[in-house]
Amino acid sequence: LNDAAALLRRSAEDNAHAFKTPVAIIRQALEMVRRPIGPERMKAAFDAIEASLAKLDGLIRSARRLDVATADSLETARHSVDLSSLVEGFAAEHALMNAARAERLVSDIEAGIAILGREELVETILENLVDNADSFSPPDGRVFLSLSARDGMAVLSVADQGPGVAPDRLANIFERYYSQRPRVDGRDGRNGDAHYGVGLWIVRQNASVLGGQVMAANRPDGGFVVTVALPLARGAAARVQTTSPPAPEHAERPRLAS
C-alpha cells in the first residue's frame, strides 16, 4: 500500500509536469493574438495552439492508460500462468492480425515455462514491447520475440532492427512520458496514434508487480532489445529441464542481451 501511494503521488507530479508545457504554449500564443500582429504571426500563433491541443489530447489518453495500469497493479489475485502457451498464442494472433507482414515477427519460445501472476499483466507487457519494437524497425526489418528459462527466471526478450538508443538516454526510457524518436522528413517519429512515452513505463510497472525486472540494451549487431525477467512458478524450472524440446533455429536469430 505504501508503494501504491508513492506511485500515485509520482503519477500526479508527472501528469502536472507533462501538461504544463502545452498549456504554457497556448497561453503565449493567446497573448500574441490579443496584440495587433501581422497575418504570418497570427497563423503561427494558431498553429501553435492547434499543435498544443493535439498534444494535450494525446497526453489525456496516455494518462488514462497509465492510471488504468496503476489500478490493475493493485489487484492482488495471483495464479499459475502457462507463459509459454500465452506467448505462443500472442505470436500466432499477431501474425493473424498482420497477415500482410506475417513474417515480420520471428518467435523462439521454449516450452514448459510457467510463472505466478495474471495473464492480462503479461499480455500488456507483450503488446507494448512488440508495438514499440515494430515502430522503430524499418519497413523491411524484423522483430524478434524470445522466451527461455534461466537461473530460476523466465526471460522474455523483444528485439528490433531499428536505430537503437543513445547510451546517455538508456536510463530514461522507462520513465513516464519519456519519448525520444528519430525525426522523419523534418518531423519527429510520432504518428497519428502518437507515442507519448507510456508503453515502456507500463512494461516496467507490470514486471515489478510480477516480482521481476526489466532491462534494455543496444544490440551489438544493430537494433535494440528489451528483456523482462520474471520468477518461475515453483516447480516450473524442473519441468523446463525435462520437457523442453530443442529451440528452433531461425535464419535471423538476434543476439539478445542477458
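Here, residue 1 is the first one in the sequence, and each next residue gets the next number.
Counting non-hydrogen atoms of neighbouring residues, nucleotides and ligands closer than 6.0 angstrom, the CD atom of Glu50 reaches no more than 12 such neighbours. Atom CG of Asp151 is surrounded by 12 or fewer heavy atoms from other residues, nucleotides or ligands within 6.0 Å.
To the nearest 0.5 Å, atom CD of residue Glu175 and atom CZ of residue Arg204 are 7.0 Å apart. Separating the CZ atom in Phe90 from the CG atom in Leu147 is a distance of 13.0 Å, to the nearest 0.5 Å. For the atom pair Glu123 CD and Arg118 CZ, the distance stands at 11.0 Å (nearest 0.5 Å). A distance of 12.0 Å separates CG of Asp47 from CE of Met42, quoted to the nearest 0.5 Å. Rounded to the nearest 0.5 Å, atoms CG (Leu30) and CZ (Arg35) are 11.0 Å apart. Expressed to the nearest 0.5 Å, how far CD1 of Ile26 lies from CG of Leu53 amounts to 4.0 Å.
Residues Ser148 and Arg150 approach most closely at OG-NH2, 4.0 Å, considering heavy atoms. Residues Ala159 and Ala133 approach most closely at O-CB, 4.4 Å, considering heavy atoms. The two residues Val33 and Ala45 come nearest to each other via the heavy atoms CG2-CB, 3.8 Å. Between Leu170 and Ala216, the shortest heavy-atom distance links the atoms CD2-O, 4.4 Å. Scanning both residues, Ile173 and Leu200, for their nearest heavy atoms gives O-CB, 3.6 Å. Considering every non-hydrogen atom in both Ser80 and Leu116, the closest pair reads N-CD1, 3.8 Å.
Ile25 and Phe46 are assigned to two separate hydrophobic clusters, defined by single-linkage of ILVMFWY side chains at heavy-atom distances under 4.5 Å.
Counting heavy atoms from C-beta on, the side chains of Leu156 and Val226 never come closer than 4.5 Å. No side-chain heavy atom of Val81 sits under 4.5 Å from any side-chain heavy atom of Leu121. Counting only heavy atoms from C-beta outward, the side chains of Val228 and Asn206 never approach each other to under 4.5 Å. With a 4.5 Å cut-off on side-chain heavy atoms, Val87 and Ile113 do not count as touching. In this structure, Ser208 and Gln213 have side chains that are not in contact, with every pair of non-hydrogen atoms separated by 4.5 Å or more. A heavy-atom distance below 4.5 Å is found between the side chains of Ile115 and Val122.
Side chain of Ser135 to backbone of Asn132: a donor-acceptor contact under 3.5 angstrom is found. Side-chain atoms of Arg219 come within 3.5 Å of backbone N or O of Asp160 as a donor-acceptor pair. A donor-acceptor pair under 3.5 Å is absent between the side-chain atoms of Arg104 and the main chain of Ala95, judged by distance alone. Between the Asn218 side chain and the Val165 main chain, a donor and an acceptor come within less than 3.5 Å of each other. For the pair Thr124 (side chain) and Glu120 (backbone), a donor-acceptor distance under 3.5 Å is present. Between the side chain of Ser137 and the backbone N or O of Gln161, at least one donor-acceptor pair lies under 3.5 Å.
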Under the side-chain contact (heavy atoms from CB on, under 4.5 Å) rule, what do Val214 and Ile125 come out as? Steps first, then yes or no, please. CA-CA 10 Å; Val214 60; Ile125 288 174; over 6 Å; no
Determine, step by step, whether Glu31 and Arg34 satisfy the salt bridge (charged side-chain N to carboxylate O under 4.0 Å, His left out) criterion, reporting the C-alpha distance in whole Å, the side-chain angles of both residues, the deciding distance to 0.1 Å, and the verdict. CA-CA 5 Å; Glu31 286 298 322; Arg34 289 192 180 101; 3.0 Å; yes
